[in-house]
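A quick note: this is a predicted structure, and the numbers were derived from the prediction, not measured.
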Amino acid sequence: MESLKQKICSEGTVLSEQVLKVDAFLNHQIDPQLMKEIGHEFAERFKGQGITKIVTIEASGIAPAVMAGLELGVPVIFARKYQSLTLTDNLYISKVFSFTKQTESTLAISSKHLNATDHVLLVDDFLANGHAAKALIDLVGQAGASIAGIGVVIEKSFQSGRAALDAEGYRIESLARIQSLAGGKVTFLE
Ligand code: G4P
Ligand code: NA
Ligand code: NA
């Protein structure tokens with residue numbers, strides 16, 4: 001997606017060979033017009049698939065997921081993050097370890113909102129090592145729901161998530177694919 005790549009180049013900051021900071025339009029301040037275009041692009045790529053729900057993770061997945069949900073005309077569920085969770089009744093829960101933050105958290109979705117009749121599009125802001133995506137896949141599986149695919153705003157193709165999810169047969173649509181952050185520079189795939 002050309003407008004997204006341009007935004008990454010003009011407003012993104014390469015923090016290290018592993019981490020791209022995009023607080024100016026995605027992770028802190030949000031560019032609504034760009035999010036609208038992102039939602040439209042996800043909807044174009046996944047329309048006609050019988051999607052009934054979009055599932056993402058708080059916080060940064062919500063903006064692109066809501067815009068995609070608006071375009072596809074389906075509800076958006078965000079898995080909630082807890083440091084620990086004691087009451088787990090009527091919840092699907094899965095643990096996820098963040099390498100960026102070096103913390104483990106518990107993701108939860110109420111069984112009220114997701115069930116076996118649902119066909120789900122997963123959406124997230126970043127795909128790095130794929131741990132967040134795998135936890136979402138686990139939650140959707142607990143509901144007995146099926147997965148139409150995974151929509152990612154920014155994929156860091158040099159990390160392991162993309163290949164691992166490809167190997168499991170998921171359809172992944174990433175709007176910007178980054179081949180490398182070496183030398184303080186963003187190099188896109190293709
Ligand atoms: P993984 O899920 O793909 O394995 O990645 P990782 O554990 O590294 O991701 C943990 C968090 O860091 C996620 O946000 C993810 O979106 C984010 N992240 C991963 N790589 C980058 C990057 O290069 N730049 C930025 N800005 N974020 C990255 P989160 O903890 O869920 O936080 P939130 O932003 O949704 O609140
Ligand atoms: Na994030
Ligand atoms: Na995220």
Side-chain angles (χ1 to χ4, degrees), residues 1-12 20 22 25-27 30-79 107 109 113-114 116-141 143 145-181 186-190:
M1 187 179 158
E2 209 45 51
S3 57
L4 173 62
K5 288 192 200 173
Q6 281 174 16
K7 194 76 165 180
I8 290 168
C9 291
S10 62
E11 297 192 25
L20 173 70
V22 288
F25 61 93
L26 181 57
N27 290 139
I30 292 172
D31 180 334
Q33 182 58 41
L34 180 65
M35 283 311 129
K36 189 178 173 198
E37 291 167 29
I38 284 169
H40 180 77
E41 185 67 28
F42 281 140
E44 280 299 308
R45 296 191 192 197
F46 286 104
K47 71 185 176 195
Q49 306 284 304
I51 289 162
T52 63
K53 295 271 167 75
I54 293 176
V55 171
T56 187
I57 307 184
E58 65 174 340
S60 299
I62 296 175
V66 165
M67 290 305 188
L70 186 63
E71 290 273 340
L72 287 168
V74 299
V76 177
I77 301 165
F78 60 95
L107 297 184
I109 292 177
H113 304 304
L114 197 61
T117 66
D118 283 312
H119 193 46
V120 174
L121 171 62
L122 301 179
V123 167
D124 211 353
D125 57 340
F126 271 91
L127 175 58
N129 295 305
H131 294 101
K134 289 220 167 131
L136 289 180
I137 289 167
D138 181 28
L139 292 174
V140 171
S146 53
I147 292 174
I150 304 169
V152 171
V153 180
I154 301 174
E155 172 187 306
K156 291 184 292 178
S157 311
F158 56 89
Q159 290 179 301
S160 62
R162 173 69 193 232
L165 293 166
D166 272 343
E168 291 181 24
Y170 293 102
R171 175 176 172 201
I172 304 165
E173 293 288 344
S174 301
L175 304 188
R177 303 186 69 193
I178 295 175
Q179 183 174 49
S180 161
L181 294 172
V186 179
T187 305
F188 294 102
L189 210 62
E190 287 131 5

Would you sort out whether Leu121 and Leu72 count as a side chain to side chain contact (heavy atoms under 4.5 Å, CB included), showing the intermediate values? CA-CA 10 Å; Leu121 171 62; Leu72 287 168; 4.0 Å; yes
Are any of the side-chain heavy atoms of Ile178 and Thr187 separated by less than 4.5 Å? no
Please name the pair of heavy atoms, one in Val76 and one in Ala65, separated by the smallest distance, quoted to 0.1 Å. CG2-O, 3.4 Å
So do the side chains of Leu26 and Val153 get within less than 4.5 Å of each other, counting heavy atoms only? yes
For a 4.5 angstrom cut-off between non-hydrogen side-chain atoms, does Val66 reach Phe78? no
Taking the side chain as every heavy atom from C-beta outward, state whether Leu139 and Leu107 have any atom pair closer than 4.5 Å. yes
Using the rule given for side chain to side chain donor-acceptor pair (under 3.5 Å), can you reason through Ser146 versus His119, listing the C-alpha separation, both sets of side-chain angles and the distance that settles it, and then say yes or no? CA-CA 5 Å; Ser146 53; His119 193 46; 2.6 Å; yes
Quick one: does Thr56's side chain have a donor or acceptor within less than 3.5 Å of a partner on Val123's backbone? yes
Closest approach of Phe46 to Ile150 (non-hydrogen atoms, all atoms of both residues): CZ-O, 3.8 Å
Shortest non-hydrogen pair, Gly61 vs Asp124, comes out as CA-OD1, 3.9 Å
Check whether any side-chain heavy atom of Ile30 sits under 4.5 Å from a side-chain heavy atom of Met35, and report yes or no. yes
Regarding Lys156 and Gln159, is there a side-chain donor-to-acceptor distance under 3.5 Å anywhere? yes
For Glu41, check side-chain contact (heavy atoms from CB on, under 4.5 Å) against everything at least two apart and list the hits. Met1, Arg45, Leu175
How long is the span from the CZ atom in Phe188 to the SG atom in Cys9, to the nearest 0.5 Å? 4.0 Å
Rounded to the nearest 0.5 Å, the CZ atom of Arg171 sits from the CG atom of Leu165 at a distance of 14.5 Å
Taking every non-hydrogen atom, the tightest pair across Thr52 and Val74: O-CB, 3.4 Å
How long is the straight-line distance from CD1 of Ile38 back to CG of Leu4, given to the nearest 0.5 Å? 5.0 Å
Are any non-hydrogen side-chain atoms of Ile54 and Val120 less than 4.5 angstrom apart? no
Can you confirm whether the side chains of Ser3 and Glu37 place a donor and an acceptor under 3.5 Å from each other? yes
Supply the atom-to-atom distance Ile154 CD1 to Ser174 OG, rounded to the nearest 0.5 angstrom. 10.0 Å
Salt bridge check, Lys134 against Glu168: does any charged N sit closer than 4.0 Å to a carboxylate O? yes
Please report the interatomic distance CE(Met67) to CG(Leu34), rounded to the nearest 0.5 Å. 10.0 Å
Below 4.5 Å, heavy atoms only, C-beta onward: do Phe126 and Val22 meet side chain to side chain? yes
Inspect the surroundings of NZ in Lys5 and state if more than 12 heavy atoms from other residues, nucleotides or ligands are less than 6.0 Å away. yes
Rounded to the nearest 0.5 Å, the CG atom of Leu136 sits from the NE2 atom of His131 at a distance of 13.0 Å
For Pro64 and Phe42, which heavy atoms make the closest approach, and how far apart are they? CB-CE1, 4.5 Å
Given the ring of Tyr170, does Arg162 sit roughly above its face, with NZ or CZ under 6.0 Å from the centre of the six-membered ring and within 45° of the axis? no
Closest heavy-atom pair, Ala133 versus Leu122, reported as atoms and distance to 0.1 Å, is O-CD1, 4.3 Å
Which residue pairs pass the salt bridge (charged side-chain N to carboxylate O under 4.0 Å, His left out) test when at least one of the two sits in residues 49-59, sequence neighbours left out? Lys53-Asp118
